[in-house]
Amino acid sequence: MHERHDPQPAGSSMIELHNVTKTFVVGDQRVNAVDGVDLTIAKGEYISIMGPSGSGKSTLLNLIALLDRPTSGVYRFDGSDVTGLSDDELAAIRRLSVGFIFQAFHLIPRLSARLNVELPLMLAGIAPGARSNKVDRALAATGLSDRAQHRPRELSGGQRQRVAIARAIVMRPALILADEPTGNLDTGSGNQVVELLESLRMEEGVTLIVVTHNPDLGRRAERQIRIVDGQIAKDVVGGCDARV
Amino acid sequence: MRAFDILVFALVSLHSNWRRTALIALATAIGVSSVLLLTALGEGANRYVRGQFETLGTNLLIVLPGRSETVGGPPPMLGETPRDLTIDDAYSLLKHASLKRVAPVIVGSAPVSTAAGLEREVTILGSTSDMYWVRSLHLGYGKFLPPGDPKRASSVCVLGYELAEELFRSQPAVGQWVRVGDRRFRVVGVLTDSGVSVGVDFDDLAIIPVASAQALFNRNSLFRIIIEAASEADLKTGEEAIHRLIAARHEGEDDVTVIAQDAVVKTLGRVLTTLTLGVGGISAISLAVAGVLIMNVMLVSVTQRRAEIGLLKALGARLSDVRWLFITEAFLLASLGAVFGLCVGLAGTQVVAEMYPEFPVAVPPWSIAIVVSVAMLTGIVFGVLPARRAADLDPIDALSKR
């Protein structure tokens, strides 16, 4: 229903959702949190997803993040159908291709910044010798080289979120998902975090999806999607509606 | 995830909750150390009893007149009277290579008195010089009965420690004369204070030559024959040889009973080992309690670390990774407790050993092996449920704020 003009050739799309629906049963009512969404996101795009609370944007994010499975519809991630994969198969894709940034940072408090950043490499089973360089690179890219041995509680909010960003990019994923990345930060450090994300996206050429209900943050993205009642209400690229 | 990383991750987690870690390790340690201490006490009792029996001599066979074994078949038509055991019977046994020494024994009771008029009714043991070796006796003063023809009576005797004390007080007994019944004997030796309470009380008796005892009690037959086999391996063949040799001398009638002291000790040892196992098993219940504690702590930990587990899963941890993280943590907790308990148990055993030097406590090696492996296994078994619960958490739920 919402066919988007796609300037990129097929096959280079990062994410393709075809008529994806996610239904929850609340009491004896069935609620479509995501309702027949068609969405194609090309590699390297910078997208913001906005919408009021309860609009279904978090559910859409969980679907895109491979943390949840659609009730119906088809999801192609990086060209391959991931609709019927097992938990461990989805975990493998997340491990290698998806970087997460959360509103609440979700750093492990007992681990140093360095070990928090190293965590995805440990989960991917990369040899300890090969990890050190990658961690150094991620810490340098986020300006945290001198904070590597600090525990999260010894860092400011902005620094914590930068640790989380370093953790998200350390595996050099193709897709970074940021869920309200500035929600717990003051304006100053929020701006720093967003600028860092944007510059990393330019350098690494990753696909960046930011979910927010902060309009200032949402407007920075090249493509802005607005979700209302589980459906795409608006899809704007560079100021023009993409759905024509 | 690599095994090494899982181990490091679990160790960091235990370290950051060190109070919790220490308490749970303590619970396991109490279980482990109590099993070790109790089995050490059981083993000590076992060794003590064995030790007591070994002071009676080793590789002993005892021959009694008459058959006391129950054999099947119809009751005998004629009343059977066992033939007497004689000194000749005893010495005929030495023909067999597996039997090293024999000591014929006659036991009776008679008053022993001194010239000073002191008198005491004691056990009189009639035997030969070989008795000294067979029963591993120790002399305090003088010599034992002289070797010689066992059938020749002579007027010498050896007194037990207590008897000598009673009769002669502080004066040396050796060289003095005593009257046993209606005969006079010269004291040639006094035994040491044996302190042995198993079997005959060697502290309060007089030992005289077997031929003299025959005359004294007017009796030809022996009370029993104590035989020392050449080695432990010879006990079996020795026992068969005794039956054969005695039967040959008693017109084909195998009418003696042979008791291997070894068998008695072994039976007693089995009883005590069973007791040790039972007591150890009961104290192992505390290990199960520690296991349940570990499970509870790990379950609480899963609840507390929901967000962390959700994060790990979002970052792509496999179900098995999450499971292994928690099982490893439980296993490390239990192992820490096991090692701590091992130290406490061994130290406690050492303390008991210092306090009661005559009681040979020792932690049996099998008990260490079993208790440590059971403790570690407990950690794994009781870690499974929390680990499954962690792995089954839904990452979306776990990450969302409550």
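Below, chains carry the letters A, B, ... as their sequence lines are ordered, and counting in each starts from 1.
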To the nearest 0.5 angstrom, please state how far the [atom1] atom of [X] sits from the [atom2] atom of [Y].
X	Y	atom1	atom2	result
B/Leu315	A/Arg95	CG	CZ	10.5 Å
B/Phe9	A/Arg110	CZ	CZ	5.0 Å
A/Leu111	B/Glu308	CG	CD	7.5 Å

| request: Could you tell me which residues in residues 316-349 of chain B have at least one non-hydrogen atom under 4.5 Å from a non-hydrogen atom of chain A, sorted by residue number? | output: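 At a heavy-atom separation under 4.5 Å, chain A is reached by B/Gly316, B/Ala317, B/Arg318, B/Leu319, B/Asp321.
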
| B/Leu311, part contacting chain A, at a heavy-atom distance under 4.5 Å |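 For B/Leu311, the contact with chain A is made by the side chain alone.
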
| field | Which portion of B/Leu312 sits near chain A, non-hydrogen atoms under 4.5 angstrom | value |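 Contact with chain A: backbone and side chain both.
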
Side chain / backbone / both / neither for [X] at chain B, heavy atoms under 4.5 Å:
X	value
A/Ala65	neither
A/Leu67	both
A/Arg151	neither

| Any donor-acceptor pair under 3.5 Å from A/His106 side chain to B/Leu399 backbone |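 Yes, because the side chain of A/His106 sits within donor-acceptor range (under 3.5 Å) of the backbone of B/Leu399.
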
| Residues in residues 153-170 of chain A near chain B [non-hydrogen atoms, under 4.5 Å] | A/Arg167

| task | Heavy atoms only, distances under 4.5 angstrom: which of B/Val12, B/Asp394, B/Asn17 has the most pairs with chain A? Name it, please. | result | B/Val12

